[in-house]
Novice: 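I have a structure I would like to understand better, so I am pasting it below and will then ask my questions one at a time.
On a predicted model such as this, the values are computed, not experimentally measured, just so you know.
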Amino acid sequence: MKRKFIKIAMFSMCLLSCAKDDVKFQKDNPMKNFTNENVAKEKFAIILSKAVSSNQSMRDFIQEEALKMMDNDYDVFYPFIKDEILDNNLSFRDNLLKVTDQEILNRIEGQLPLLTIYVPTLPSGFSPETWTPKDEIPVVVAEGNYKNNELAFFQNGEEKIKIKSNQIPGFPTLVVKSNERIAVKNKALLANSGTNKNVKANYQFISSEFENKGNGTRSIKVTSKKALNISKTASSTLLSGITWGPRLTSIGLTTDEMNASGLADVMVSKEAIGNDKGADNWQRDFVYYNLIPSNTKGKLKTNFEEFIHYISISESGFNLMTNTNSDPDDPILNPNWHNSSFWSDGYFELRFDVLSNSKNGQGERFTDIRSVKPQDLFDIQYKRLGPVYIIEKIIPKFAKVDIPLQTWDLENVSYGWKISVSETDQAGTSTISSTNSSKFATNFGIDAGFGIGKVKIGLKFGGSTEVSSSKTHTYTVQNVSDEFGDVLVQFGDNIYDKKEPVYANGLINIYYYFNTAYNSNISLLVAPKRIN
């Protein structure tokens with residue numbers, strides 16, 4: 001998610017004109033273009049605020065499109081819907097032209113090829129499902145467009161309220177932003193497409209994870225009418241800090257959760273592999289080769305694969321996502337202010353890059369992107385301060401991502417894998433070089449008793465000497481806004497730790513605890529599971 005602050009000194013006169021004159025350009029230079037994305041987003045926010053204030057058809061249509069989740073988030077992608085006909089027999093774009101002029105809208109469209117209207121889920125209870133467009137007229141805000149740590153919200157073309165960077169709106173809101181899940185294929189073709197119906201051919205989803213191929217909309221939960229009554233300025237009261245729940249470096253799963261994750265087959269007792277005698281043998285030796293102290297020869301079982309099952313993000317990782325400030329000209333934030341603007345950007349787009357070396361060739365690189373709800377990663381408790389909310393407590397959780405990797409064939413694949421996690425940004429691409437140093441096991445040979453193929457002989461590295469290797473992987477990725485760093489997963493890492501009874505609400509549940517690979521920002525449960 002992008003956290004961009006505008007350069008106030010450069011654009012203050014332009015923004016003043018925007019607020020006072022309903023995005024009118026100076027007459028002496030009618031062809032002047034927007035030179036900053038945030039300026040264009042705010043101008044569009046003002047226009048949209050006028051349109052939705054006076055036009056229920058616009059509000060109904062925005063809700064309907066958001067509920068389709070075309071990119072698996074509650075985004076309304078303007079290039080795809082601008083020519084759709086609403087129930088007032090005008091296109092979405094023509095409805096905007098009732099409150100602005102063609103020249104201004106053309107310039108906005110040219111500056112914002114990924115223009116998106118997002119319907120957020122807020123702690124007040126407002127969401128795409130609960131919004132009642134007939135009764136609730138939302139304000140409109142340009143995502144990330146902070147000035148002096150304040151964000152302006154517009155209603156019917158006028159600034160209605162400003163809130164601090166650590167605050168979350170407690171009233172119906174629409175967000176104008178750039179889409180982070182869709183990319184432009186060809187900017188030159190896009191510039192000439194106009195209102196052509198083939199405009200969709202000029203865009204592509206960054207990942208198939210983001211393409212919603214289903215049909216229809218989600219059900220709408222009708223709520224009672226909520227009057228929008230917002231004071232001109234929100235309370236500036238700040239929390240001195242956010243209370244955090246415990247850091248998670250192991251995950252406890254119930255029997256049902258363990259079965260659903262496919263982890264039941266990799267629970268290895270310490271007694272079975274000799275840990276009780278101080279041998280500290282490898283659990284994956286048992287999972288992949290059926291090796292235990294009394295049985296030290298075994299063939300690879302190809303019906304198991306490694307998966308990234310769960311991810312948890314720590315306090316430092318949360319701060320990376322919510323306090324990004326890439327503009328050196330931005331004012332320095334008060335350290336007691338916690339930027340809560342994740343509410344304006346929807347689901348997290350998490351990218352996983354997995355590097356493993358091989359004896360023959362460079363090795364494998366697995367890349368996957370997952371769309372993860374903030375609510376799946378954090379339990380967040382809020383405190384209301386007048387028309388806004390602030391975060392009071394955050395409890396990290398493990399979110400299930402279920403990313404398949406490969407069978408850990410220790411004869412041919414390195415002993416250690418490097419996993420890098422980041423949050424994606426559609427702005428461009430980068431070439432990344434990453435070096436992965438690892439060891440290879442050499443204790444493999446032929447044993448007639450096991451048929452064709454090599455057999456692992458001995459626990460761990462056996463009596464042979466392991467071989468070291470270091471290889472550099474170079475690849476191109478979408479730019480990222482937040483890098484959570486790397487973790488190293490090794491074949492000899494313990495997967496399963498223990499089981500314990502947990503007493504809660506008068507009941508006893510048995511929890512099975514699995515170890516994770518972690519750094520200061522993230523914890524990952526990486527473990528094999530049976531695939532057939």
Side-chain angles (χ1 to χ4, degrees), residues 245-295 298 301 303-314 350 352 354 370 372-373 375-379 395-408 410 417 419 421 459-460 487-519 522-532:
R247 174 82 169 91
L248 301 178
T249 56
S250 67
I251 177 172
L253 301 175
T254 64
T255 301
D256 289 343
E257 291 171 332
M258 187 175 57
N259 289 333
S261 300
L263 289 166
D265 292 324
V266 300
M267 285 195 319
V268 183
S269 72
K270 294 181 179 180
E271 292 78 11
I273 64 171
N275 281 161
D276 61 325
K277 300 174 184 178
D280 193 25
N281 293 315
W282 296 345
Q283 294 182 1
R284 283 183 175 85
D285 261 353
F286 178 82
V287 173
Y288 283 107
Y289 297 96
N290 202 35
L291 300 185
I292 55 176
S294 60
N295 176 40
K301 293 187 285 186
N303 60 338
F304 282 86
E305 280 187 3
E306 295 291 321
F307 278 71
I308 304 175
H309 293 273
Y310 291 90
I311 181 173
S312 177
I313 297 178
S314 70
L350 300 181
F352 300 80
V354 184
R370 284 292 186 266
V372 182
K373 290 182 182 180
Q375 298 93 324
D376 289 340
L377 284 165
F378 307 104
D379 277 331
I395 302 173
K397 299 194 298 184
F398 276 98
K400 190 174 182 180
V401 290
D402 205 31
I403 298 173
L405 303 178
Q406 66 176 336
T407 297
W408 207 323
L410 194 60
W417 298 359
I419 303 179
V421 183
L459 300 169
K460 303 169 75 172
V487 298
L488 183 64
V489 180
Q490 301 186 113
F491 190 89
D493 292 341
N494 280 344
I495 307 164
Y496 170 70
D497 184 24
K498 60 185 178 181
K499 65 178 181 180
E500 286 184 349
V502 176
Y503 298 87
N505 301 320
L507 300 175
I508 300 176
N509 276 321
I510 302 297
Y511 277 82
Y512 299 84
Y513 287 88
F514 293 81
N515 296 311
T516 68
Y518 61 91
N519 61 26
I522 55 172
S523 298
L524 301 179
L525 172 56
V526 182
K529 76 174 181 179
R530 191 184 299 274
I531 56 175
N532 54 36

Novice: Which is it for Tyr310 and Leu253 under the side chain to side chain contact (heavy atoms under 4.5 Å, CB included) test, yes or no, and what are the steps along the way?
Specialist: CA-CA 11 Å; Tyr310 291 90; Leu253 301 175; 3.9 Å; yes
Novice: So which heavy atom on Val487 is nearest to which on Asn519, and how close?
Specialist: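 Answer, listing the atom of Val487 first, then Asn519: CG1-N, 3.8 Å.
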Novice: Heavy atoms, side chains only, cut-off 4.5 Å: are Leu377 and Ile311 in contact?
Specialist: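 With C-beta onward as the side chain, the pair touches.
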Novice: Kindly indicate, with the supporting measurements, whether the criterion side chain to side chain donor-acceptor pair (under 3.5 Å) is fulfilled by Tyr518 and Ser314.
Specialist: CA-CA 10 Å; Tyr518 61 91; Ser314 70; over 6 Å; no
Novice: Using a distance-only test with no angle check, is there a side-chain donor-acceptor pair under 3.5 angstrom linking Ser523 and Arg247?
Specialist: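 Yes, Arg247 and Ser523 have a side-chain donor paired with an acceptor closer than 3.5 Å.
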Novice: Could you tell me which non-hydrogen atom of Thr407 sits nearest to which non-hydrogen atom of Phe304, and how far apart they are?
Specialist: OG1-O, 2.7 Å
Novice: Roughly how far, to the nearest 0.5 Å, is the CZ atom of Phe491 from the CG atom of Leu410?
Specialist: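 Result: 5.0 Å between the selected atoms.
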Novice: Using ring pair (Phe, Tyr, Trp, His ring centres under 6.0 Å), reason through Trp408 and Tyr288 one step at a time and then give a plain yes or no.
Specialist: CA-CA 8 Å; Trp408 207 323; Tyr288 283 107; 7.3 Å; no
Novice: Is it true that a side-chain atom of His309 and a backbone atom of Ala527 form a donor plus acceptor pair closer than 3.5 Å?
Specialist: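 The answer is yes, because a donor-acceptor pair under 3.5 Å joins these two groups.
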Novice: Check the pair Lys397 / Asp379 against salt bridge (Lys or Arg N to Asp or Glu O under 4.0 Å), numbers first and verdict last.
Specialist: CA-CA 7 Å; Lys397 299 194 298 184; Asp379 277 331; 3.4 Å; yes
Novice: For Arg530, enumerate each residue passing the salt bridge (charged side-chain N to carboxylate O under 4.0 Å, His left out) test, keeping only those at least two apart in sequence or located in another chain.
Specialist: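 Scan of Arg530 (salt bridge (charged side-chain N to carboxylate O under 4.0 Å, His left out), adjacent residues dropped) gives Asp265.
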Novice: Could you tell me whether the side chain of Arg370 and the main chain of Val401 form a donor-acceptor pair under 3.5 Å?
Specialist: yes
Novice: Enter the distance from Tyr289:OH to Arg284:CZ here, rounded to the nearest 0.5 Å.
Specialist: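 With rounding to 0.5 Å, OH (Tyr289) is 12.0 Å from CZ (Arg284).
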Novice: Would Lys529 count as a cation-pi partner of Phe307, with NZ or CZ less than 6.0 Å from the six-membered ring centre and within 45° of the ring normal?
Specialist: yes
Novice: Could you state the interatomic distance from OG1 (Thr255) to CD1 (Ile510), rounded to the nearest 0.5 Å?
Specialist: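 Spacing of OG1 (Thr255) from CD1 (Ile510) equals 7.5 Å.
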Novice: Filter on salt bridge (Lys or Arg N to Asp or Glu O under 4.0 Å), then keep only pairs touching residues 500-516, sequence neighbours left out; what's left?
Specialist: Lys498-Glu500
Novice: Which heavy atom in Pro396 sits nearest to a heavy atom in Ser312, and how many Å separate them?
Specialist: CB-OG, 4.0 Å
Novice: Please identify each residue that fulfils side-chain hydrogen bond (donor to acceptor under 3.5 Å, both in side chains) with Glu305, with sequence neighbours left out.
Specialist: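 In terms of side-chain hydrogen bond (donor to acceptor under 3.5 Å, both in side chains), with neighbours along the sequence ignored, Glu305 is linked to no residue.
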Novice: Passes side chain to side chain contact (heavy atoms under 4.5 Å, CB included), Leu291 versus Phe286? Steps please.
Specialist: CA-CA 5 Å; Leu291 300 185; Phe286 178 82; 5.9 Å; no
Novice: Where do Ile495 and Phe514 land on the side chain to side chain contact (heavy atoms under 4.5 Å, CB included) test, with the steps shown first?
Specialist: CA-CA 6 Å; Ile495 307 164; Phe514 293 81; 4.1 Å; yes
Novice: Taking Asp256's backbone N and O only, do any of them form a donor-acceptor pair with Asn259's side chain (distance below 3.5 Å, no angle check)?
Specialist: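 Not at all, since once roles are kept as given, no pair shorter than 3.5 Å links the two residues.
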Novice: Might you work through the side chain to side chain contact (heavy atoms under 4.5 Å, CB included) test for Leu488 and Gln490, ending with a clear yes or no?
Specialist: CA-CA 6 Å; Leu488 183 64; Gln490 301 186 113; 4.0 Å; yes
Novice: Can you check whether Tyr503's main-chain N or O pairs, donor with acceptor, with Asn509's side chain at less than 3.5 Å?
Specialist: no
Novice: Give me each pair satisfying salt bridge (Lys or Arg N to Asp or Glu O under 4.0 Å) with a member in residues 507-518, each pair once, sequence neighbours excluded.
Specialist: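 Matches after skipping sequence neighbours: none remain.
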Novice: What are the two closest heavy atoms between Gly492 and Trp282, and how far apart are they?
Specialist: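 Scanning both residues completely, I find the closest heavy atoms to be CA-CD1, 3.5 Å.
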Novice: Rounded at 0.5 Å granularity, tell me how far CG in Leu248 sits from CD1 in Ile522.
Specialist: 13.0 Å
Novice: Could you tell me if the side chain of Asn281 sits less than 4.5 Å from the side chain of Lys460, heavy atoms only?
Specialist: yes
Novice: Nearest 0.5 Å, please: how far is CD in Glu306 from CD1 in Ile531?
Specialist: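 So the gap between those two atoms works out to 11.0 Å.
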Novice: Applying side-chain hydrogen bond (donor to acceptor under 3.5 Å, both in side chains), name anything that partners Thr516, two or more places apart in sequence or on another chain.
Specialist: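 Per chain and number, Thr516 pairs via side-chain hydrogen bond (donor to acceptor under 3.5 Å, both in side chains) with no residue.
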Novice: Going by heavy atoms in the side chains, are Tyr511 and Lys499 under 4.5 Å from each other?
Specialist: no
Novice: Where do Pro501 and Ile508 come nearest, in terms of heavy atoms and distance?
Specialist: CB-CG2, 3.9 Å
Novice: Are Ile308 and Phe352 side-chain neighbours, meaning at least one heavy-atom pair lies under 4.5 Å?
Specialist: yes
Novice: Residues two or more places apart in sequence or in another chain: which of them pass salt bridge (charged side-chain N to carboxylate O under 4.0 Å, His left out) with Asp376?
Specialist: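 Asp376 satisfies salt bridge (charged side-chain N to carboxylate O under 4.0 Å, His left out) with no other residue.
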Novice: Distance from Asn515 atom CG to Asp497 atom CG, nearest 0.5 Å?
Specialist: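 The CG atom of Asp497 is 5.0 Å from CG of Asn515, to the nearest 0.5 Å.
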